[in-house]
Amino acid sequence: MLKLWHQPIEQEHTYLAPLIVDNNAVLLWETCRRKIYFYLDETGFVADGRGFMNGLEAESFLLEVLCGLHSPVIGETEILGQFRQFINLNAKHAWVQKFQSRMQVWFSLIKEVREKYLYNFGSQSYGGYLRRVLQNQNNVQIIGAGSLVEDVLPWLQAKNVQVFARNLEKSQIQVMKHFSHFVEAGGKLSLHPLENALPSSEVLVIAAPISHEQLKTIVSNSTNKWKYVIDLRRDAKLFNDRDPQIESWITLEHVMEFFSQQKDLLASRQKQALAAVEQWRLAQMDKVTLRPFGWEDLCG
């Protein structure tokens, strides 16, 4: 039977600090949002009674967490990767050894729930949006080298990305620290000075607060027009000099509208995913009722 004690980070100061009596019987998994103590028996662990879960209740909760259903970005996949890393780092711990076979049941259900209800929903960010929109375009130009570009670059590592910045010296460290990751992913990353005309490319992403006048100059002087222009400036919708040769001009307003639509759809998918985990729990209860040795019998 799975036994855990859960403490959300925001409630850290309202719970009594847990006491680990036996490190061999308790294993702590800590993320940016929560602490979960997995323990083998009550003698090795003392904690506030409000955080205890056991049996299928504990398993269902853990499955919801690993599916990303309790994350700030619903459906995100990083939490599952963190858990797998946690298991690998503690592979010899008694708790991991005991639950190794049961974890395969968990991972199988997580895969099923994610594929059915949460696929492509773990990327509610500018980088995730760009990867989704540009999945068939390989050549991308980005104007800017600030924090927004830093957030976006990890999502584009398989592409040929040219970054154009006004201050190359200042941008060198911020941008080129991603260079090795692009090489590993089969992409290319280069840094260039921002001038009044840009070379040919499929996509232009504007991620710096350049003026309308400067953008107008760049667009008019660049002879080979882009298929997509994605303008992430706050006042992007006020730019009226869009070249008719450009197939699609996407503004920050369009991106935010997409996020809003995704949020509504994601709320519905979240409910469906939670219902699927609950359905699994009820099915497991039926199996335990039919098999007197409990869920351990199911792992054989």
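You'll find the side chain of His93 stays beyond 4.5 Å of the side chain of Gln97, heavy atoms only. Counting heavy atoms from C-beta on, the side chains of Ile230 and Leu204 never come closer than 4.5 Å. Contact annotation: the side chain of Phe99 approaches that of Trp106 to within less than 4.5 Å [non-hydrogen atoms, C-beta and beyond]. Between Leu232 and Tyr129 there is no side-chain heavy-atom pair separated by less than 4.5 Å. Residues Leu4 and Tyr37 fail the side-chain proximity criterion, which asks for heavy atoms closer than 4.5 Å. The closest side-chain heavy-atom distance from Gln104 to Gln100 is below 4.5 Å. The side-chain heavy atoms of Met256 and Glu253, taken from C-beta on, include no pair separated by under 4.5 Å. Taking 4.5 Å as the limit, some side-chain heavy atom of Val105 sits within range of a side-chain heavy atom of Trp280.
Side-chain atoms of Lys159 never come within 3.5 Å of backbone atoms of Leu189 as a donor-acceptor pair (strictly under, hydrogens ignored). Although no hydrogens or angles enter the test, the distance criterion places a donor-acceptor pair under 3.5 Å between the side chain of Ser222 and the main chain of Leu198. Looking at His254, its side chain does come within 3.5 Å of a backbone N or O of Thr251 through a donor-acceptor pair. With Gln137 contributing its side chain and Val203 its backbone, the two residues share no donor-acceptor pair below 3.5 Å. Without hydrogens or angle criteria, Asp235 side chain to Leu238 main chain gives no donor-acceptor distance under 3.5 Å. No side-chain donor-acceptor contact under 3.5 Å links Arg233 to the backbone of Pro209. A donor-acceptor pair under 3.5 Å is formed between the side chain of Gln270 and the backbone N or O of Leu69.
Follow the hydrophobic side-chain contacts under 4.5 Å out from Leu215 and you never reach Leu148; the two are in separate clusters. The hydrophobic clustering, which links ILVMFWY residues whose side-chain heavy atoms are closer than 4.5 Å, places Val229 and Val149 apart. Follow the hydrophobic side-chain contacts under 4.5 Å out from Tyr126 and you never reach Trp249; the two are in separate clusters. In the hydrophobic clustering of this structure, Val205 groups with Leu153; members are Ile, Leu, Val, Met, Phe, Trp, Tyr whose side-chain heavy atoms approach within less than 4.5 Å, directly or through other members. Residue Val140 is not grouped with residue Ile210 when hydrophobic side chains (ILVMFWY) are merged at heavy-atom distances under 4.5 angstrom, including chains of intermediate members.
Taking the six-membered ring where tryptophan is involved, the planes of Trp95 and Phe86 are tilted, since the angle between them lies from 30° to 60°.
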Per-pair distances, 0.1 Å, donor-acceptor, side chain in residues 22-32, under 3.5 Å, sequence neighbours excluded:
| from | atom 1 | to | atom 2 | distance (Å) |
| --- | --- | --- | --- | --- |
| Asp22 | OD1 | Asn24 | N | 3.0 |
| Thr31 | OG1 | Arg33 | N | 3.2 |
| Thr31 | OG1 | Arg34 | N | 3.2 |

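The two residues Val277 and Ser60 have their closest heavy-atom pair at CG1-O, 3.7 Å. The minimum heavy-atom distance between Lys3 and Asp41, with the atom names listed, is NZ-CA, 4.3 Å. Val65 and Ile79 get closest at one heavy-atom pair: O-CG2, 3.4 Å. Across all their heavy atoms, Pro18 and Trp5 have their closest contact at CG-CZ3, 3.8 Å. Contact record, Gln157 with Ala185: O-CB, 3.5 Å, taken as the closest heavy-atom pair. Heavy atoms only, all atoms of each residue included: Cys67 and Leu118 are closest at O-CD1, 3.5 Å.
Atoms OG and OH, on Ser201 and Tyr228 in that order, are 13.0 Å from each other to the nearest 0.5 Å. If you take CG on Leu63 and CG on Leu274, they are separated by 11.0 Å, rounding to the nearest 0.5 Å. The line from CD1 of Ile142 to CG of Leu194 is 13.0 Å long, rounded to the nearest 0.5 Å. Separating the CG atom in Leu62 from the CG atom in Leu66 is a distance of 4.5 Å, to the nearest 0.5 Å. Here the CG atom belonging to Leu2 is positioned 8.5 Å from the CG atom belonging to Asn54, to the nearest 0.5 angstrom. From Ile110, atom CD1 reaches atom CE of Met103 across 10.5 Å, with rounding to the nearest 0.5 Å.
Between Glu213 and Lys216, none of the side-chain N atoms (NZ, or NE/NH1/NH2) sits under 4.0 Å from a carboxylate O, so this pair counts as no salt bridge. Using a cutoff of 4.0 Å between basic side-chain nitrogens and carboxylate oxygens, Glu150 and Lys177 are scored as salt-bridged. Lys111 has a carboxylate O that lies under 4.0 Å from a charged side-chain N of Glu115, or vice versa, which qualifies the two as a salt bridge.
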Practice prompt. Go through Leu191 and Ser171 one step at a time and tell me if the side-chain contact (heavy atoms from CB on, under 4.5 Å) criterion holds.
Written response: CA-CA 8 Å; Leu191 180 63; Ser171 307; 4.2 Å; yes
Worksheet item: Checking salt bridge (Lys or Arg N to Asp or Glu O under 4.0 Å) for the pair Glu59/Arg102: CA distance, chi angles, key distance, verdict?
Response: CA-CA 10 Å; Glu59 287 192 80; Arg102 187 60 172 176; 2.8 Å; yes
Discussion item. I'd like to know whether Lys237 forms a side-chain contact (heavy atoms from CB on, under 4.5 Å) with Leu252, so could you lay out the CA-CA distance, the side-chain angles of the two residues, the decisive distance to 0.1 Å, and finally the verdict.
Written reply: CA-CA 8 Å; Lys237 66 179 181 180; Leu252 180 61; over 6 Å; no
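No side-chain N or O of Glu202 forms a donor-acceptor pair with one of Trp226 less than 3.5 Å apart. Judged purely by distance below 3.5 Å, without hydrogens or angles, the side chains of Asn139 and Asn160 pair a donor atom with an acceptor atom.
Checked against side-chain contact (heavy atoms from CB on, under 4.5 Å), Pro244 has no partners two or more places apart in sequence or in another chain.
Atom CD1 of Ile173 is surrounded by 12 or fewer heavy atoms from other residues, nucleotides or ligands within 6.0 Å. Shown here is Lys225, whose NZ atom has more than 12 heavy atoms of other residues, nucleotides or ligands within 6.0 Å. Atom CZ of Arg50 is surrounded by more than 12 heavy atoms from other residues, nucleotides or ligands within 6.0 Å.
You'll find the ring centres of Phe61 and His70 inside the 6.0 Å limit.
Sorted by first and then second residue, the pairs that involve residues 179-220 and meet ring pair (Phe, Tyr, Trp, His ring centres under 6.0 Å), not counting sequence neighbours, are Phe164-His192, His212-Phe239.
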